[in-house]
Amino acid sequence: MPELGEVEYFRKQWGKGLNKKVLAAELNADKKIFRGTDAPALREALRGAKLIGSEAHGKQMLFRFSKGGWLGIHLGMTGKLRVGAAGAARLKHDHLVLRQEGQSLILSDPRQFGRVLFHHGKEAPDWWRDRPVEILSAQFTLKMTGQFLLRHGRAPIKAVLLLQSGFPGIGNWMADEILWQAKIHPRRPAGGMRPEEVRRLFVKTKHICRVALRIVGGHDGDLPETWLFGRRWGRGGRCPADGAALERATVGGRTTCWCPCCQRAGEEFN
DNA sequence: TACAATGTTTTAAG
DNA sequence: CCTTAAAACATTGT
């Protein structure tokens, strides 16, 4: 599930635990989701600590606790954050449960492509300090975007949009939406874009992030019917703009959906 | 049964 | 060291 907007939605869910103490952290330290993390240390450090803040950055989340607890969460493909009852039983894929007075903050992730990180200390850990420029920040510029595309010039543009080092928070449906709205074929080499196309891609990237954060992040209604979003799942979809049958194929290792009429690119890419 | 699923990470090759 | 492409990861649902 989680791309930019959904990550923000889940962050807000755990936000319900703000300013409340963790009575106990329950987890299975040997689960894959804790790979590379000292899970027992996490459990000890969070017992009695208060949740004092949270942030999202692309698909990464950080939950800050008193006494120097820094909890990083990535939801992978199937991760979710929810709030349950105080004594809620741990379900099969509930890998981390923070018990608070009156409620439980729960992380579930069946496939465990997600990851939990933990750092105990005064300073922010490296994994939170070294982050790419956020798409909606003023530092994310047209020039930067053009440079990033050139740097990955031979890869298909779809694959480049999925690189978190350049487009943090963009996932599979957002990449397809950006390319459809910008009228660019997903298999076009990133470095072969005309200036006008780079500009369209840049503008649509910012726009789609903004709307996704508002609508998906706030669970505030549905994405516009005029978007590709609602038609791109499964075969047989039709382009909202011209009614053409949508194409589906694997591009950049992921299922990709596009309109062969709106997103023309010449024979060699179809 | 076999394949696909809103994502990285690893491995191998250029 | 850098980029690219493909496989791997673990589980569920169609």
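In what follows, chains carry the letters A, B, and so on, assigned in the order in which the sequence lines appear, proteins first and then strands, with residues in each chain numbered from 1.
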Check your understanding: Checking side-chain hydrogen bond (donor to acceptor under 3.5 Å, both in side chains) for the pair His185(A)/Trp258(A): CA distance, chi angles, key distance, verdict?
Key -> CA-CA 7 Å; His185(A) 194 285; Trp258(A) 73 93; 3.2 Å; yes
Review point. Below 4.0 angstrom from OP1 or OP2 of dG7(B), is there any side-chain N or O of Gln164(A)?
Key: no
Practice item. For the residue pair Ser108(A) and Lys80(A), confirm or rule out a side-chain donor-acceptor distance under 3.5 Å. Key: no
Using distance only, find each side-chain donor-acceptor pair of residues 42-51 of chain A under 3.5 Å and give its atom names and separation, not counting sequence neighbours.
from	atom 1	to	atom 2	distance (Å)
Arg43(A)	NH1	Leu27(A)	O	3.4
Glu44(A)	OE1	Arg47(A)	NH1	3.0

Practice item. Scan residues 85-107 of chain A for pairs that pass salt bridge (Lys or Arg N to Asp or Glu O under 4.0 Å), counting only residues two or more places apart or in two chains. Key: Glu26(A)-Arg99(A), Arg82(A)-Asp94(A)
Review point. Considering residues at least two apart in sequence or located in another chain, which fulfil the side-chain contact (heavy atoms from CB on, under 4.5 Å) criterion with Leu4(A)?
Key: Met174(A), Cys209(A), Leu213(A)
Check your understanding: With a 4.0 Å cut-off on heavy atoms, is Gly114(A) in touch with a base, just the backbone sugar-phosphate, or nothing at all?
Key -> nothing
Practice item. Identify, with sequence neighbours excluded, every residue that meets salt bridge (Lys or Arg N to Asp or Glu O under 4.0 Å) alongside Lys59(A). Key: none
Exercise for review: Check side-chain hydrogen bond (donor to acceptor under 3.5 Å, both in side chains) between Arg154(A) and all other residues, then give those that pass, not counting sequence neighbours.
Suggested key: none
Review point. For atom P, what is the distance between dG13(C) and dT8(B), given to the nearest Å?
Key: 23 Å
Check your understanding: What stems, by residue range, does DNA chain C take part in, given at least 3 consecutive Watson-Crick or G-U pairs under 3.5 Å?
Key -> B:2-5 with C:11-14, B:7-14 with C:2-9
Check your understanding: Where each residue is assigned the nucleotide of DNA chain B containing its nearest heavy atom, which of Gln60(A) and Arg154(A) is assigned the position nearer the 5′ end?
Key -> Gln60(A)
Study note, to complete from the structure: Between CZ of Arg115(A) and C1' of dT10(B) the distance, given in whole Å, is 12 Å
Point to revise | DNA chain C: 5'-most and 3'-most nucleotides touching chain A, 4.0 angstrom heavy-atom criterion | key: dT3(C) to dT12(C)
Exercise for review: Using a heavy-atom cut-off of under 4.0 Å over every strand shown, decide if Lys92(A) touches base, sugar-phosphate, or nothing.
Suggested key: sugar-phosphate
Review point. Does anything in residues 8-18 of chain A pair up under salt bridge (Lys or Arg N to Asp or Glu O under 4.0 Å), and if so which pairs, sequence neighbours excluded?
Key: Glu8(A)-Arg11(A)
Between the protein and nucleotides 1-5 of chain B, list the N/O to N/O atom pairs that are separated by less than 3.5 angstrom.
from	atom 1	to	atom 2	distance (Å)
dA5(B)	OP1	Arg248(A)	NH2	3.2
dA5(B)	OP1	Thr255(A)	OG1	3.3
dA5(B)	OP2	Thr255(A)	OG1	2.3
dA5(B)	N3	Arg111(A)	NH1	3.2

Check your understanding: Who else is in Leu150(A)'s hydrophobic cluster (ILVMFWY, side-chain heavy atoms under 4.5 Å, direct or via others)?
Key -> none
Point to revise | Nucleotide dT8(B), atom P - distance to NZ of Lys32(A) in whole Å | key: 18 Å
Study note, to complete from the structure: Rounded to whole Å, the CG-P distance (Leu4(A) to dG7(B)) equals 12 Å
Exercise for review: Using the P atom on both, measure dT12(C) against dT9(B) and round to a whole Å.
Suggested key: 22 Å
Practice item. Identify whether any heavy atom of Gly171(A) sits under 4.0 Å from a base atom; if not, whether one sits that close to sugar-phosphate; answer base, sugar-phosphate or nothing. Key: sugar-phosphate
Practice item. Nearest whole angstrom, please: distance from the C1' of dT9(B) to the CG of Leu163(A). Key: 13 Å
Check your understanding: Which residues pass the side-chain hydrogen bond (donor to acceptor under 3.5 Å, both in side chains) test with Glu225(A), sequence neighbours left out?
Key -> none
Practice item. To the nearest Å, give me how far apart CZ (Phe34(A)) and P (dT9(B)) are. Key: 16 Å
**Study point:** salt bridge (Lys or Arg N to Asp or Glu O under 4.0 Å) partners of residues 115-126 of chain A, not counting sequence neighbours, each pair once
**Key:** Asp126(A)-Arg129(A)
Review point. Ignoring hydrogens and geometry, is there a side-chain-to-backbone donor-acceptor pair from Asp176(A) to Cys257(A) under 3.5 Å?
Key: yes
